[in-house]
Amino acid sequence: MEFRADGTLVDYPIGRGDAPEAGQPGRWDTTGRLALTSGKTGRIVTSSPDQLDITWHP
């Protein structure tokens, strides 16, 4: 995932050949809420310098 300073995000799921491909765009906020344009929402549960745990809701 790419979190941009303007509050947008881009999901990069693993695509063909195990290469990431740009997926659904969305928005994030400083409380840890995430929302993709597909309607899927999520919340950042924990974060560290090398790992980000997100709980997704359909």
For atom CZ of R33, decide whether the heavy atoms of other residues, nucleotides or ligands shown that lie under 6.0 angstrom number more than 12.
-> no
Would you give the length of the straight line joining atom [atom1] of [X] to atom [atom2] of [Y], rounded to the nearest 0.5 angstrom?
X	Y	atom1	atom2	answer
T41	L36	OG1	CG	8.5 Å
E2	T8	CD	OG1	7.5 Å
L9	F3	CG	CZ	5.5 Å

Exercise answer: donor-acceptor pairs, residues 51-58 side-chain atoms, under 3.5 Å, sequence neighbours excluded:
unit_1 : atom_1 : unit_2 : atom_2 : d
Q51    : NE2    : D53    : OD1    : 2.9
Q51    : NE2    : D53    : OD2    : 3.3
D53    : OD2    : T46    : OG1    : 2.6

Is the shortest heavy-atom distance from the side chain of V10 to the side chain of R4 under 4.5 Å?
-> yes
